[in-house]
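Data first, discussion second: the structure below is written as structure tokens.
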Amino acid sequence: MAKIKTLADLKKMKEDLRSKVDLREKADSPESYVQIKVGMATSGIASGAKEIMDFLIEALEKRNIEAVVTQTGDMGYCFAEPTIEVKKPGEEPIVFGYVDTEKADEIIEKYIKLGELVEGIIPVNYQVIDEDK
Amino acid sequence: MTKYKMYLLVCGGTGCRASASDSIVENLKQELETKGLQDEVQVLMTGCFGFCEKGPIVKVQPDNTFYTQVKPEDCAEIIEEHIVKGRKVNRLLYEDPENKKHIEDSKHMNFYKKQIRIALRNCGFIDPENVDEYIARDGYSALGKCLSELTPKDVVDQIKESGLRGRGGGGFPTGLKWEIAAKNEADQKYVVCNADEGDPGAFMDRSILEGDPHAVLEAMAICGYSMGATKGLIYIRAEYPLAIKRLKIALEQAREYGLLGTDILGTGFEFDIEIRYGAGAFVCGEETSLIHSMEGLRGEPTIKPPYPAEKGYLGKPTNVNNVETYANITAIINKGANWFNKIGTEKSKGTKVFALAGKINNVGLIEVPMGTTLREVIFEIGGGIKDGKKFKAVQTGGPSGGCLTEKHLDTPIDFDNLLAAGSMMGSGGMIVMDEDNCMVATAKFYLDFTVEESCGKCSPCRIGNKRLYELLDRITQGKAEMEDLQRLRNMCYVIKDTSLCGLGQTSPNPILSTLDNFWDEYVAHITDHKCPAGQCKDLMKYEVVEENCVGCTACARVCPVGAISGDKKQTHYIDPAICIKCGACEERCKFDAIIVK
């Protein structure tokens, strides 16, 4: 990694990184570049989030679905761990709670492939301050 | 292949289920089938929307229509009007309490403003182990702005103007703290992050460090710039291995990018951070103890003044802030002090993160603006009490705080109101208790904790807390006298008045607040030898109800200590001298023949 030498460099880097994310979101083929975030704070990991993440990566690869699976921090829904957030291109992200491998499989087969929702949705009930607005 | 065009999401939270959300799902499905739309519209039950007061909720996606107080008989109309004809059913839309207008899109509902995430803005959004994701969300731009556009004094002024107060519990104005540290001249100064989160049931700081470590690093660098320090230290308990791991990764990545180290962003500013591990002593959350512990000395407090801002780590001016305090800094710099000080109440600005735990449905992490009421937090965001039981009390402020009751539910949460109500903000643990929690036992639990955690330096805390614990223990065993309650209260005041640090000064709070709010419960233990909540085992007695007992011997077989005797088909008997009150017999009995007295 090269050092970031000035504030202008940092700003440019931010724009580049952001457009990369945008590109991912604007992909038009419906099954491409699904983004999945797995809540991996202590509470998530204790409830099996690591296994879910491994399962998702493997299962998506096997089924030839292009997806980006990343880890993230605590989403706040500790009562429903493990929790994952699935974002299909051009759609609002959806959070699923109580995800085990069976549920993860169902999410891939039904929601990601067919656009059919499955049980276990956790409605988001907060606002985040967006640095861009 | 089915391809749904619309979704009807029905709330499946406890509250909504109780008001027939199951039959709403049924009816919606039936109506769709009669219209032949079952392949285009999907009906699904979801988790709690947290809007239980106006339940049951039906949300239509993708247009975000939010129907409230829906009845099973409304389903036909929703399908006929909204789905078939595309007209929203106005009478079921949420009505804004202020201007009485129907709100069509849930994103404009005030309810979604109940939680605003500032400190948790990146938690659950970015990959904490990837600095690029942090930068994509404007990370390190606040530091860049400070270094190239603002003078150190400007930074301090911004923080002062924002009204930010320390989130570790005390609520000291952060800007003022920074200003004092900036004014004290020295060849070296230190920025310290207090990540020694010790309250039972609290996990806010851990979650921030696990979910967004760079936010803390960036804010520490900003603080360093404002006060003229080049070294930062994070004091974190070794029990937080994941937070430590992510901090280490974050430090490494920030250094590789040159965002920590020498000549940061080409401005000549130098700053780096080290991690120091604590062994998990509660008293080390107190800043002087924390500093001594980092110096390799015993984690014991010393008298203030001198304050750390004058003589702190290694005798140099030191600024100590809590994790959550730092997590607010970059947002204040980026969005301005005037944006921040519009959120919250007059004397407590911004938001507060709470860890909801105990007998509450939605255990988890929330962030609400100061001034939100306890009722909103517990019954709306928290989804109410588990298993439909009755709310009894909420404990805030951990071992230094107190129990608040029903009468405090509508108190707006801020530093001053909680103090006035006999508790305190504390770091943000919120433990909810229901009718099955005994308040004497709760006070005893906290005293057990402080007895264990007292560093032993001063007598009132070391000896006094132990005596308080013993008195409480006697009460829970039914061996106390009424005079003991006065003794208890007197000793509480002595300990508060004569202890050196915050630990001893606040450790009697759980007792005082329960004495004030639950006096009758203390009296019941002493005069009636009864624990009204049924939690104190010494005051419980398991008995067989003769009329109900059929002599099946199931209880006798399950009793681990052989306290139950009786022949087959004969009434059984529990020997109270042997019984350990484990409750196994009561659970096993199918005939309700065993009761607790």
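Quick note on labels: first sequence line is chain A, next is B, and so on, each numbered from 1.
- The local environment of CD in A/Glu102 is sparse, with at most 12 non-hydrogen atoms from other residues, nucleotides or ligands closer than 6.0 Å.
- Neither the backbone nor the side chain of A/Val38 has a heavy atom closer than 4.5 Å to any heavy atom of chain B.
- Across B/Leu365 and A/Cys78, no two heavy atoms sit closer than the pair N-SG, 4.2 Å.
- For B/Tyr140, the parts lying under 4.5 angstrom from a heavy atom of chain A are both the backbone and the side chain.
- The backbone N or O of A/Leu117 lies less than 3.5 Å from a partner atom in the side chain of B/Gln42, making a donor-acceptor pair.
- Atoms CD and OH, on A/Glu116 and B/Tyr7 in that order, are 8.0 Å from each other to the nearest 0.5 Å.
- Within the 4.5 Å cutoff, the side chain of A/Arg18 has heavy atoms near those of the B/Arg137 side chain.
- In terms of heavy-atom proximity, B/Leu265 sits nearest to A/Leu10 at CD2-CB, 4.3 Å.
- Between A/Ile4 and B/Ile264 there is no side-chain heavy-atom pair separated by less than 4.5 Å.
- Proximity to chain B (any heavy atom under 4.5 Å) is restricted, for A/Lys5, to the backbone atoms N, CA, C and O.
- Of the listed residues (B/Gly144, B/Gly266, B/Ser141, B/Gly261), the greatest number of heavy-atom pairs within a distance under 4.5 Å of chain A belongs to B/Gly144.
- In this structure, chain A has a heavy atom under 4.5 Å from the backbone of B/Ile126, while its side chain stays farther away.
- The shortest distance between side-chain heavy atoms of A/Met75 and B/Phe125 does not fall below 4.5 Å.
- Heavy atoms closer than 4.5 Å to chain A are found nowhere in B/Ile360, neither backbone nor side chain.
- In terms of heavy-atom pairs under 4.5 Å with chain A, the best-connected choice from B/Pro241, B/Ala357, B/Ser207 is B/Ser207.
- Residues B/Ser148 and A/Leu7 approach most closely at OG-CD2, 3.1 Å, considering heavy atoms.
- Contact count against chain B (heavy-atom pairs under 4.5 Å) is highest for A/Met40 among A/Glu81, A/Met40, A/Glu85.
- Side-chain contact check for B/Thr46 versus A/Ile122: every heavy-atom pair is 4.5 Å or farther apart.
- For the atom pair CG (B/Leu209) and OG1 (A/Thr42), the distance works out to 10.5 Å, reported to the nearest 0.5 Å.
- The number of heavy-atom neighbours closer than 6.0 Å to CD of A/Glu61, taken from other residues, nucleotides and ligands shown, is 12 or below.
- Within the 4.5 angstrom heavy-atom criterion, no atom of B/Asn130 approaches chain A.
- Looking at B/Leu259, only its side chain comes within 4.5 Å of chain A, counting heavy atoms on both sides.
- Side-chain atoms of B/Glu210 never come within 3.5 Å of backbone atoms of A/Asp74 as a donor-acceptor pair (strictly under, hydrogens ignored).
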Take A/Gln71 and B/Arg246 through the test side chain to side chain contact (heavy atoms under 4.5 Å, CB included) and record every step on the way to the result. CA-CA 12 Å; A/Gln71 60 170 353; B/Arg246 296 213 169 127; 3.1 Å; yes
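- If you measure heavy-atom distances from B/Asp127 to chain A, the contacts under 4.5 Å come from both the backbone and the side chain.
- Interface remark: B/Arg255 contributes backbone atoms only to the contact with chain A (heavy atom separation under 4.5 Å).
- Rounding to the nearest 0.5 angstrom, the gap separating the NZ atom in A/Lys11 from the NZ atom in B/Lys145 is 9.0 Å.
- With a 4.5 angstrom heavy-atom cutoff, B/Tyr240 does not touch chain A via any of its atoms.
- When A/Ile45, A/Asp9, A/Thr72 are compared by the number of non-hydrogen pairs under 4.5 Å with chain B, A/Thr72 comes out ahead.
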